[in-house]
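To start, the structure under review is shown below, and the notes come after it.
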Amino acid sequence: MYFALTDEQRALAETVRALLADRFDLRAVRAVVDDERGDGHPADLWRAIGEQGWLSVCVPQEHGGLGLGLLDAQVIAREFGAGVVPGPWAATVLAGAAVRRDGSPEQAAAVLGPLGVGELVSTVALRGPGGGFGPGGIAVRADAAGRLDGAASGVEYAHVADVIVVAATEPNPPGVDAGGGSGRGSGGGVGLYLLERGEAGVRIERQAGIDGTTRLAALTLTGAPAARLPGSDAAALADLLRRGAVLAAADLVGVARAALARTVAYDTERVQFGRPVGSFQALAHHLADLHVAVTMAEHAVLYAAHALDENRPDADLAVAVAKSKANQAAGDATAAMVQYHGGIGYTWEHDTHFFYKRAKRLIAAFGDSRQHLEQIARLTVDTVS
Amino acid sequence: MYFALTDEQRALAETVRALLADRFDLRAVRAVVDDERGDGHPADLWRAIGEQGWLSVCVPQEHGGLGLGLLDAQVIAREFGAGVVPGPWAATVLAGAAVRRDGSPEQAAAVLGPLGVGELVSTVALRGPGGGFGPGGIAVRADAAGRLDGAASGVEYAHVADVIVVAATEPNPPGVDAGGGSGRGSGGGVGLYLLERGEAGVRIERQAGIDGTTRLAALTLTGAPAARLPGSDAAALADLLRRGAVLAAADLVGVARAALARTVAYDTERVQFGRPVGSFQALAHHLADLHVAVTMAEHAVLYAAHALDENRPDADLAVAVAKSKANQAAGDATAAMVQYHGGIGYTWEHDTHFFYKRAKRLIAAFGDSRQHLEQIARLTVDTVS
Amino acid sequence: MDLSYPPEAEEFRAELCTWLAANIPAAWTVPGFWATVGEDEAFDLRRDWERRKALAGFAGIDWPVEYGGRGGTPAMRAIHDSELVRAHAPRSVNSLGLVFLAPTVMAVGTPRQKVEIIGPMLRNEVIWCQGFSEPGAGSDLAALRTHGVLDGDEYVVNGQKVWTTFAGRGDRIFTMVRTEPGSSRHRGLSLLLIDMGVPGAQVRPIRQMSGVSEFGEVFFTDVRVPASQCLGGIGNGWATAMLLLSFERGAAGISQYTAYVQAYDEIVRVARALGRDGDPVLRQELARRRVELECLHYQAMHVLTEVERGHDLGAASSVTKLQWSQAYQGLFETFDELLGAEVALLRPTVDLDLTALRQESFWTRSVTIWGGSSQVQRTIVAERVLGLPRGS
Amino acid sequence: MDLSYPPEAEEFRAELCTWLAANIPAAWTVPGFWATVGEDEAFDLRRDWERRKALAGFAGIDWPVEYGGRGGTPAMRAIHDSELVRAHAPRSVNSLGLVFLAPTVMAVGTPRQKVEIIGPMLRNEVIWCQGFSEPGAGSDLAALRTHGVLDGDEYVVNGQKVWTTFAGRGDRIFTMVRTEPGSSRHRGLSLLLIDMGVPGAQVRPIRQMSGVSEFGEVFFTDVRVPASQCLGGIGNGWATAMLLLSFERGAAGISQYTAYVQAYDEIVRVARALGRDGDPVLRQELARRRVELECLHYQAMHVLTEVERGHDLGAASSVTKLQWSQAYQGLFETFDELLGAEVALLRPTVDLDLTALRQESFWTRSVTIWGGSSQVQRTIVAERVLGLPRGS
């Protein structure tokens with residue numbers, strides 16, 4: 001029984017933290033956030049991330065990657081959350097996971113290498129305007145020739161992505177991949193497509209959002225040519241959503257822990273009524289409850305990432321638990337961060353709102369609590385005999 | 001604008017409180033609760049209640065009653081809640097309301113007078129085993145001759161009631177009352193029936209319950225002869241449920257206020273770590289939040305009772321608000337009462353559990369929060385244009 | 001129990017509604033309108049409109065006629081506030097003056113102060129700011145450090161105020177200053193009235209997390225204030241401030257209820273546009289929020305009843321503050337939740353512009369902080385209402 | 001990350017499961033069985049069964065062999081606890097002795113104490129009670145007033161203990177006594193071992209709100225205790241007690257998880273019987289509770305990992321206590337809610353006997369009080385984990 005990060009994983013976390021402290025602290029984040037017309041994708045940070053190999057964390061070694069698992073990726077995601085780091089890292093990792101799992105050898109060779117070294121920015125476009133995460137929320141159709149029509153909304157960094165993995169419904173579900181015979185899932189009329197930003201029929205428009213640390217864009221596709229990932233099907237989409245949920249949960253857990261730690265630090269110093277605010281019991285007990293919640297969310301993300309890596313039978317449950325617990329912990333911790341900073345916590349010039357808004361966005365990303373809790377009910381209520 | 005009890009109503013509350021303090025304090029309640037085989041209906045208390053006219057509070061003056069409204073009745077209900085008073089007072093008031101509203105002049109004359117002076121114990125049987133409050137939860141059928149078949153569950157004090165108002169579904173909805181022409185509602189295959197306990201085909205069995213202050217029984221009816229209340233229909237049932245909800249909410253509000261006051265008193269005295277427990281801020285702030293919640297619930301019950309008395313257009317909304325708010329306030333206040341009494345709060349010999357258990361029962365009586373909140377959604381979400 | 005208003009109040013309501021119908025531009029009634037107007041333009045529109053309203057006789061509703069008021073009742077004031085919300089009138093730009101300063105001047109001002117302050121305020125010729133909070137003295141007002149030193153018949157004031165609403169747009173400020181050197185806590189304070197345009201008074205706007213800049217910081221550097229510009233007596237500032245704050249007695253509850261129900265309906269429309277108003281789980285959440293709004297209405301009627309009878313409200317305003325701030329904040333938590341993934345976007349679909357609701361959602365995070373944080377209010381309720389022993 | 005157990009632990013599991021399958025009567029596995037047995041009979045059944053389990057070699061799993069233990073690992077102990085729950089074995093009647101007293105005796109007991117105490121406890125020949133809490137000294141243990149005065153080589157003990165589990169059935173009690181006259185707070189205390197049968201020791205059962213009487217009060221009136229019956233040294237009681245309490249390190253989490261998931265499943269069956277398992281709102285509530293149970297599982301694995309590596313858990317046991325007590329209590333709040341109007345009845349329908357679940361529901365109200373209330377645990381987390389400044 002070893003339920004903890006390895007020494008290597010802890011060292012990785014330390015490295016990420018140190019790099020961010022050194023080269024992309026909250027002042028740098030603020031510069032990105034305040035530059036509202038900018039693309040929100042700081043090139044120097046991206047280079048540094050590429051050099052560190054963090055883009056290739058889940059890229060197989062035969063494509064030059066680190067060949068590690070989601071457990072390792074969540075270490076990075078958590079630190080990026082704690083640093084409210086801008087940029088398409090998570091989007092790129094997810095796109096890579098789809099290509100790795102469902103792409104042809106040629107597609108994998110063409111995408112994974114450049115992606116891993118930072119040459120290709122990528123992202124995933126999985127839902128339409130107003131749609132949820134899942135097959136029902138897709139608003140892009142593919143025709144038999146692989147041309148895509150429709151729209152996707154809230155796509156992270158589509159405006160700077162070279163390659164976009166697009167989920168599309170398919171009129172005639174293609175047979176399970178003839179060559180590979182992966183035998184995954186039952187098809188079901190959903191496929192993943194590799195789309196290049198520069199192709200004809202691709203319109204990308206920036207969308208105004210609440211979280212300045214992460215930029216979003218809408219895709220409008222009119223007969224845009226794209227390459228199907230041959231292994232993809234409904235199960236592939238589900239897998240991508242699971243991974244997305246775990247990375248979002250990890251980011252949230254990082255946000256939550258940082259929000260809590262910064263609040264503790266601030267209220268240890270801040271004096272009201274002649275005492276440090278942190279010595280008032282009502283506040284202290286609330287922060288203690290938040291510590292418990294954040295700790296549980298940290299565990300849950302660890303377990304979910306491991307369960308996916310190891311294909312454990314309770315992986316679906318673990319992912320839903322991790323995302324809903326991370327949602328709750330981060331929502332509560334960032335709201336408390338605003339409240340317990342007093343007036344300053346509500347200002348633009350203080351960093352508090354980066355955490356609060358990033359949490360708001362991520363809580364709904366890759367499934368909100370409503371959706372994950374119903375999933376838990378399906379797995380634990382409907383299965384009781 | 002006068003949103004408050006009148007001086008008379010305040011005096012009534014004071015009278016009820018004084019009588020309970022003098023003649024039926026918590027020691028008397030304990031004796032009833034501990035006598036598990038007893039009928040839970042202390043005769044001396046019943047006599048005193050009858051003498052005070054509290055059974056006739058809503059009985060019209062022409063039948064010898066006080067002819068007051070639900071607003072006055074809730075004054076009494078609240079004090080009975082605060083004193084966790086046993087007995088079929090609320091059940092009798094509700095049965096009287098049904099007879100008054102929907103009974104023939106002869107039925108009214110036969111029932112209301114004796115009921116008002118305490119000669120007739122009555123109750124209402126509105127739902128079947130496992131059923132909810134509403135037409136769908138009824139498990140008694142009436143035939144055209146007024147014979148009743150089926151079952152009712154959780155009926156307050158059926159085992160001592162002389163007269164029981166039973167809700168029954170009707171195979172062929174009778175036309176709207178020919179003589180009275182009340183024009184209420186649309187019928188809909190539900191009627192209220194006056195049943196006497198001693199009739200053939202009536203079986204009454206005590207049901208073991210959690211709240212020793214209020215005894216419940218099950219009714220099994222096999223061709224039991226009963227007299228239809230001629231004015232009754234689905235709207236009559238709805239009206240009875242509304243009144244029941246307001247009286248239950250008032251009782252809950254009394255329970256909640258008493259739970260809070262007793263906890264404040266206890267923790268002002270109790271010392272831990274060298275200080276009164278009530279001076280610890282986490283506890284004090286929680287109790288302050290409970291004070292706000294209980295105050296809101298008190299207001300809400302006042303408004304709902306008045307809205308029913310005055311037939312205000314938002315009466316349905318007001319009732320649902322009052323019951324759900326009272327549920328929340330009483331649930332939270334009695335749970336806090338247990339917690340903040342420390343170990344003693346969990347013992348049988350302390351009075352805490354009377355309040356906790358009575359709240360548990362009443363929270364689900366006449367509609368739980370689930371049901372009332374959906375009603376609020378129907379009235380405030382579905383009506384927005 | 002009698003929830004009706006007297007005939008003269010209803011006549012007043014009819015008169016006001018007629019005027020409002022004729023004087024509120026149709027554009028203003030479109031949800032989200034004010035988020036489409038620049039902050040400067042919005043301020044000017046609001047200032048001017050409110051001036052016209054005053055000239056039409058709809059200001060100082062419950063003030064004595066001698067002060068230019070209408071001599072009405074608290075009920076009429078509640079009707080006024082509530083009908084303004086219902087008609088989609090903009091919020092007052094002079095509310096800190098109207099709600100707090102004016103009644104204090106009426107109570108303890110000099111005859112000259114009464115003349116100089118009240119009339120111009122009523123006609124929005126002078127917009128008043130409030131300068132109470134300081135960095136390090138938020139909830140704990142008595143810890144303030146701005147000080148004034150007497151020099152001749154003027155105080156030379158130095159210090160910094162924060163969270164001053166409309167700091168950059170107001171004309172004058174009423175502010176707490178430590179005028180007795182070496183004094184501490186509640187002693188040695190004075191409430192001074194300062195022109196914002198005098199040399200040494202500087203303003204820095206504070207941008208809020210919503211992006212809007214209604215607040216500002218005010219810096220005083222050797223600002224000279226005539227000793228006559230003190231309200232309530234030199235050294236008597238704490239008592240004057242407590243009197244001043246006592247005029248916020250939760251009487252705004254009825255108009256707040258009206259406003260929040262408008263927001264509730266707007267949120268329901270968004271849920272419907274996204275096809276989520278039928279979701280049983282979200283319906284429960286919305287209903288739970290509605291319960292708190294209805295309770296706020298009852299509490300407001302309770303307060304109005306007490307005020308009309310001249311009863312001392314005591315700590316009831318803390319109950320009102322906790323109820324409205326938490327009901328309001330909670331409503332927007334449910335708004336955020338029902339948006340699902342759309343929460344991240346200002347315009348999730350072509351037809352849906354959530355900018356204004358989104359700004360309001362951020363704004364609700366502040367309402368449990370200012371005006372006495374929820375923590376401070378709970379302490380007041382625990383000690384003064386419940387009588388729990390004081391923590392050390 | 002490696003969530004497997006080593007082969008020898010899995011072999012142990014197999015051996016244990018075989019024994020359990022052969023030694024748990026089928027009747028015991030019916031939900032609600034123990035609520036149908038009288039308290040006396042239940043105690044005897046449990047005591048005897050646990051004795052047989054010990055004789056079969058399934059006791060003291062992670063104790064050294066020299067003390068009669070099995071010399072196993074913490075993982076084996078967790079497997080043991082968890083498989084017992086899974087097999088519907090009754091809870092131990094000697095857990096306060098086994099969990100707290102025995103490891104303390106191993107650590108600081110005299111050679112004679114080790115021999116006299118550990119073996120008989122392991123075989124359930126002696127059932128141990130704990131006497132820590134007193135009226136007025138619940139969460140604040142150091143406020144205790146029971147005192148012992150030295151008379152020759154015996155202490156004459158007077159005082160009262162409360163919340164003593166199995167007070168009426170236990171054979172001996174380990175209890176905190178003030179042995180230094182005039183001492184206060186943490187000083188001058190000793191941990192004494194007292195026979196429950198000696199003259200002057202009296203027990204009064206405490207009936208719980210659920211109707212069950214597992215607790216009791218213990219009164220000492222001039223009870224004579226040999227000075228040799230002190231554990232950890234006279235005057236050293238506080239340190240001994242802290243050592244003793246440190247053995248509850250949240251290692252029970254895995255078996256608690258197993259037990260609470262059993263309860264969850266049972267609750268789901270009730271919801272289904274009432275036709276409410278399809279209600280979307282209740283499903284969300286159940287799922288929310290399940291999240292907390294799963295998190296308890298992770299926390300238990302985390303604690304086991306730390307324990308196996310010999311790390312100091314520090315205040316992590318407070319985190320575990322808060323998590324399990326609130327998850328458990330919350331699960332039964334949802335149980336009560338989903339019952340709707342049936343919550344008032346022990347047998348709402350002919351087929352549905354809720355007596356046992358109902359008793360468990362009441363029981364969960366106590367778990368946030370005993371063993372350090374949630375309030376005490378939060379203070380520990382705030383000060384020792386988060387490092388917040390101490391309140392005064």
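By convention in this document, chain letters (A, B, ...) are assigned in the order of the sequence lines, proteins followed by strands, and residues within each chain are numbered from 1.
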Select, from A:Asp267, A:Thr383, A:Asp289, the one with the greatest count of heavy-atom pairs under 4.5 Å involving chain D.
A:Asp289
Closest non-hydrogen contact found for A:Ala377 with D:Ala287 is N-CB, 4.1 Å
How about D:Glu266 and A:Val384: do any of their side-chain heavy atoms sit closer than 4.5 Å?
no
Non-hydrogen atoms of chain D under 4.5 Å away: do they reach the side chain of A:His306, the backbone, both or neither?
side chain
A:Thr6, part contacting chain D, at a heavy-atom distance under 4.5 Å:
side chain
Max heavy-atom pairs within cutoff under 4.5 Å with chain A, candidates D:Arg288, D:Arg309, D:Glu308, goes to D:Arg309
Applying a strict 4.5 Å limit to non-hydrogen atoms, the region of A:Ala320 in contact with chain D is neither
Output yes when A:Lys325 and D:Glu292 qualify as a salt bridge under the 4.0 Å nitrogen-oxygen rule, no when they do not.
yes
Are the side chains of D:Met301 and A:Tyr2 in contact, using a 4.5 Å heavy-atom criterion?
no
One should read off an interatomic distance between A:Thr295 OG1 and D:Gln323 CD, to the nearest 0.5 angstrom, of 9.5 Å
Please examine the side chains of D:Leu3 and A:Tyr303, heavy atoms only from C-beta on, and report whether any two atoms are closer than 4.5 Å.
yes
In Å and rounded to the nearest 0.5 Å, what is the CZ to NE2 distance from D:Arg378 to A:His291?
13.5 Å
Heavy-atom contact with chain A under 4.5 Å, split by part of D:Arg290:
side chain
Closest non-hydrogen contact found for D:Ala382 with A:Ala284 is CB-O, 3.7 Å
Tell me the closest heavy-atom pair linking D:Pro280 and A:Arg370, and the distance in Å.
CB-NH2, 4.5 Å
Max heavy-atom pairs within cutoff under 4.5 Å with chain D, candidates A:Glu374, A:Gln9, A:His286, A:Met1, goes to A:Met1
Please classify the contact between D:Leu386 and chain A as side chain, backbone, both or neither, with a heavy-atom cut-off of under 4.5 Å.
both
Counting neighbours of CZ on D:Arg384 that are heavy atoms of other residues, nucleotides or ligands and sit closer than 6.0 Å, is the number greater than 12?
no
Given A:Val264, A:Ile376, A:Leu373, the one with more heavy-atom pairs under 4.5 angstrom with chain D than any other is A:Leu373
Of all heavy-atom pairs between D:Cys295 and A:Ala300, which one has the smallest distance, and what is that distance?
SG-CB, 4.4 Å
Region of D:Thr379 in contact with chain A, defined by heavy-atom distances below 4.5 Å:
both
Measure distances from A:Glu298 to the heavy atoms of chain D and classify the residue's part below 4.5 Å as side chain, backbone, both or neither.
neither
Hey, which of D:Val319, D:Val385, D:Thr320 is the one that makes side-chain contact (heavy atoms from CB on, under 4.5 Å) with A:Val292?
D:Val319
Is it the backbone or the side chain of A:Leu379 that comes under 4.5 Å from a heavy atom of chain D, or both, or neither?
neither
Under a 4.5 Å cut-off applied to non-hydrogen side-chain atoms, are D:Val381 and A:Leu287 in contact?
no
Sort D:Gln284 into side chain, backbone, both or neither according to what part of it lies under 4.5 angstrom from a heavy atom of chain A.
both
A:Leu317 versus D:Glu294: any side-chain heavy-atom pair under 4.5 Å?
yes
Report which part of A:Arg312 has an atom under 4.5 Å of a heavy atom belonging to chain D: side chain, backbone, both, or neither.
side chain
Spatial distance of atom NE2 (D:His297) from atom CG (A:Asp314) [nearest 0.5 Å]:
8.5 Å
Engaged part of A:Asp382 at the chain D interface, taking heavy atoms whose separation is under 4.5 Å:
both
Indicate yes or no for a side-chain donor-acceptor contact from D:Thr305 to the backbone of A:Phe3 under 3.5 Å, with no hydrogens or angles considered.
yes
Honestly, the part of A:Thr380 sitting under 4.5 Å from a heavy atom of chain D is both
Please tell me if the side chains of D:Tyr264 and A:Val381 come closer than 4.5 Å, counting only heavy atoms from C-beta onward.
yes
May I ask you to check whether A:His299 and D:Gln299 show a side-chain donor-acceptor distance below 3.5 Å?
yes
Run the side chain to side chain contact (heavy atoms under 4.5 Å, CB included) test on A:Met296 and D:Tyr298 for me, step by step, so that the C-alpha distance in whole Å, both residues' side-chain angles and the decisive distance to 0.1 Å come before the verdict.
CA-CA 8 Å; A:Met296 295 306 128; D:Tyr298 311 145; over 6 Å; no
Under 4.5 Å from any heavy atom of chain D, what part of A:Gln281 do you find: side chain, backbone, both or neither?
side chain
